[in-house]
Amino acid sequence: MNVPVVSVLMGVYNGESTIAASIESIKRQTFSDWELIIYNDGSTDFTDEILKKYSRNDSRIVIIDNQGKNGLASGLNKCLSVARGKYIARMDDDDISLQQRFSKQVEYLDKNSYVDAVGTGMIVFDDIADRGIRRNETVVTKDSFLKGSPFFHPTIMIKREVLQSLGGYREDVGRAEDLDLWFRFFQAGYVGTNLKEPLIKYHEDVTDYKKRTLRSGIITCQVLFKGYKAINIPFKKRWRALKPFFSALIPNKLMAIYHESTLDRKL
């Protein structure tokens with residue numbers, strides 16, 4: 001059996017309205033040497049039927065079914081356990097990968113062997129239109145963490161051996177599994193960069209902010225405090241770890257307006 005260059009990890013829960021478009025964006029990639037491993041986290045809608053149809057028609061698509069709901073981190077770890085690719089790419093069930101995403105990320109990692117992970121910019125869209133571009137710093141340093149996560153998780157491509165060496169995702173950090181991963185990644189001495197070019201379309205609307213809870217804000221604060229200490233962020237700057245707590249207290253519509261204001265409108 002051919003071993004793919006890229007293994008795409010995706011988790012889905014009740015994604016019947018978005019999952020097909022997401023999968024189609026992978027199938028349209030100009031780089032075709034991939035496998036797509038999808039963890040169905042106990043969906044109760046028609047997601048299962050959609051996934052089975054795609055899996056029957058394309059042997060590169062592998063489905064892992066779960067009874068009940070265990071969460072994204074657990075699902076990604078199960079996907080990682082069967083992944084065979086040299087590189088691991090992340091993908092969410094409501095996002096769209098642009099056609100040259102994989103080809104450009106693979107080319108970058110092949111040419112820059114010292115880089116262990118590469119993210120990209122992303123086009124933020126909702127059900128009406130593309131709204132703008134969001135970018136992270138090109139060179140990731142410890143100061144990058146003062147602004148939050150240094151990578152947009154759905155855009156990432158990382159060496160499989162690196163992700164495995166870090167033990168995959170921790171399952172006890174709530175919705176901050178990606179932030180926790182990048183602290184451990186940086187602490188271990190691995191190198192990450194970001195391409196400025198947006199190579200995915202990231203779905204975001206005001207309903208997404210309803211997922212914010214005070215509990216998740218507190219857990220993220222704990223991840224930040226622990227991470228800042230681990231990578232030796234000066235104590236006087238660690239107050240920034242409190243931001244998720246205060247953000248959780250801000251009304252969803254105000255948070256949506258703030259994030260909207262940070263977008264680059266030049267699509």
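Values reported hereafter were calculated over all heavy atoms of this structure, with side chains retained and with hydrogens, waters and symmetry mates removed.
Residues D110 and K86 form a side-chain contact, since some pair of their non-hydrogen atoms from C-beta on lies under 4.5 Å apart. The closest side-chain heavy-atom distance from V140 to T193 is not below 4.5 Å. Using a 4.5 Å cut-off on side-chain heavy atoms (C-beta onward), M122 and I133 make no contact. Residues L224 and Y228 have side chains in contact (heavy-atom distance under 4.5 Å, counting atoms from C-beta outward). Within the 4.5 Å cutoff, side-chain heavy atoms of M10 are placed close to those of S22. Side chains of D264 and R134 form no contact here, defined as non-hydrogen atoms less than 4.5 Å apart. Using a 4.5 Å cut-off on side-chain heavy atoms (C-beta onward), L199 and T155 make no contact. Between S97 and Q29 the shortest side-chain heavy-atom distance falls below 4.5 Å.
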Using side chain to side chain contact (heavy atoms under 4.5 Å, CB included), reason through L98 and I200 one step at a time and then give a plain yes or no.
CA-CA 5 Å; L98 302 188; I200 78 159; 5.7 Å; no
Using the side chain to side chain donor-acceptor pair (under 3.5 Å) rule, take T213 and S216 through it: C-alpha gap first, then chi angles, then the decisive distance, then the call.
CA-CA 5 Å; T213 65; S216 65; 3.1 Å; yes
Apply side chain to side chain contact (heavy atoms under 4.5 Å, CB included) to residues I88 and L80 and explain how you reach the verdict.
CA-CA 8 Å; I88 298 293; L80 179 62; 4.1 Å; yes
Which is it for E137 and S144 under the side chain to side chain donor-acceptor pair (under 3.5 Å) test, yes or no, and what are the steps along the way?
CA-CA 7 Å; E137 295 177 346; S144 302; 2.6 Å; yes
Stepwise side chain to side chain donor-acceptor pair (under 3.5 Å) test for N194 and N136:
CA-CA 7 Å; N194 285 298; N136 262 324; 4.9 Å; no
Check step by step if ring pair (Phe, Tyr, Trp, His ring centres under 6.0 Å) holds for H153 and Y202.
CA-CA 11 Å; H153 195 205; Y202 176 75; over 10 Å; no
Could you please spell out the steps behind the side chain to side chain donor-acceptor pair (under 3.5 Å) verdict for D92 and H203?
CA-CA 9 Å; D92 284 339; H203 186 269; over 6 Å; no
Set out, in order, the CA-CA distance, both residues' side-chain angles and the distance that settles side chain to side chain contact (heavy atoms under 4.5 Å, CB included) for E35 and I37, then state yes or no.
CA-CA 6 Å; E35 64 178 353; I37 308 169; 3.7 Å; yes
Applying side chain to side chain contact (heavy atoms under 4.5 Å, CB included), run through E197 and K104 and close with a yes or a no.
CA-CA 10 Å; E197 181 179 1; K104 290 187 175 183; 2.7 Å; yes
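At most 12 non-hydrogen atoms from other residues, nucleotides or ligands lie less than 6.0 angstrom from NZ of K226. For CD of E49, the number of neighbouring non-hydrogen atoms (other residues, nucleotides, ligands) closer than 6.0 Å is greater than 12.
Between G174 and I219, the shortest heavy-atom distance links the atoms N-CG2, 4.1 Å. For L9 against C79, the heavy-atom pair with the smallest separation is CD2-CB, 3.7 Å. A21 and I96 get closest at one heavy-atom pair: O-CD1, 3.6 Å. Heavy-atom minimum distance, S103 versus T30: OG-OG1, 3.3 Å. Across all non-hydrogen atoms, the minimal contact from G168 to R184 is O-NH2, 2.8 Å. Scanning all heavy atoms of the two residues, the minimum distance from G11 to L76 falls at N-CD2, 4.4 Å.
The residue from D130, D95, D126 that alone fulfils the salt bridge (charged side-chain N to carboxylate O under 4.0 Å, His left out) condition with K201 is D130. Considering T47, I61, V8 in turn, I61 is the only one that fulfils the side chain to side chain contact (heavy atoms under 4.5 Å, CB included) rule with I38.
F125 CZ to E204 CD: the interatomic distance, rounded to the nearest 0.5 Å, is 10.5 Å. Taking CD1 from I26 and CZ from R60, the interatomic distance works out to 10.0 Å, rounded to the nearest 0.5 Å. Annotation: the span from Y169 atom OH to N77 atom CG amounts to 8.0 Å, rounded to 0.5 Å. Note that OG of S43 and OH of Y13 are 7.0 Å apart. Values are rounded to the nearest 0.5 Å. Residue L181 holds its CG atom at 6.0 Å from CD1 of I158, rounded to the nearest 0.5 Å. Between the CG atom of D172 and the OG atom of S74 there is a distance of 12.0 Å, given to the nearest 0.5 Å.
Between the side chain of N57 and the backbone N or O of K53, at least one donor-acceptor pair lies under 3.5 Å. With hydrogens and angles disregarded, a donor-acceptor distance shorter than 3.5 Å links the side chain of K159 to the backbone of S113. In terms of modelled atom types and a separation under 3.5 Å, the side chain of E16 and the main chain of F46 share a donor-acceptor contact. Side-chain atoms of D116 never come within 3.5 Å of backbone atoms of G192 as a donor-acceptor pair (strictly under, hydrogens ignored). A donor-acceptor pair under 3.5 Å is absent between the side-chain atoms of R135 and the main chain of L195, judged by distance alone. Without hydrogens or angle criteria, D180 side chain to A176 main chain gives no donor-acceptor distance under 3.5 Å. Proximity of a side-chain donor or acceptor of S55 to a complementary backbone N or O of K52 within less than 3.5 Å is not detected. Although no hydrogens or angles enter the test, the distance criterion places no donor-acceptor pair under 3.5 Å between the side chain of R160 and the main chain of Y87. At distances below 3.5 Å, not a single donor-acceptor pair connects side-chain atoms of D93 with backbone N or O atoms of I19.
Cluster membership for F152 and V115, using ILVMFWY side-chain heavy atoms within less than 4.5 angstrom, is not shared. V162 and L179 fall within the same hydrophobic cluster, where Ile, Leu, Val, Met, Phe, Trp and Tyr residues are linked whenever their side-chain heavy atoms come under 4.5 Å apart, directly or through other members. In this structure, I123 is not a member of the same hydrophobic cluster as F102, with clusters built from ILVMFWY side-chain heavy atoms closer than 4.5 Å. F183 and V173 fall within the same hydrophobic cluster, where Ile, Leu, Val, Met, Phe, Trp and Tyr residues are linked whenever their side-chain heavy atoms come under 4.5 Å apart, directly or through other members. Linking Ile, Leu, Val, Met, Phe, Trp and Tyr residues whenever their side-chain heavy atoms come within less than 4.5 Å places V106 and V118 in a single cluster.
Other residues sharing the hydrophobic cluster of I218, ordered by chain and number and joined by side-chain separations under 4.5 Å: L214, F225, L242, F245, F246, L249.
For E161, there are no salt bridge (Lys or Arg N to Asp or Glu O under 4.0 Å) partners at least two apart in sequence or on another chain.
Taking the six-membered ring for Trp and thresholds of 30 and 60 degrees, F151 and W182 have ring planes inclined between 30 and 60 degrees apart.
For the residue pair N40 and D65, a side-chain donor N or O sits within less than 3.5 Å of a side-chain acceptor on the partner.
Counting only residues at least two apart or on different chains, no side chain to side chain donor-acceptor pair (under 3.5 Å) pair has a member in residues 229-244.
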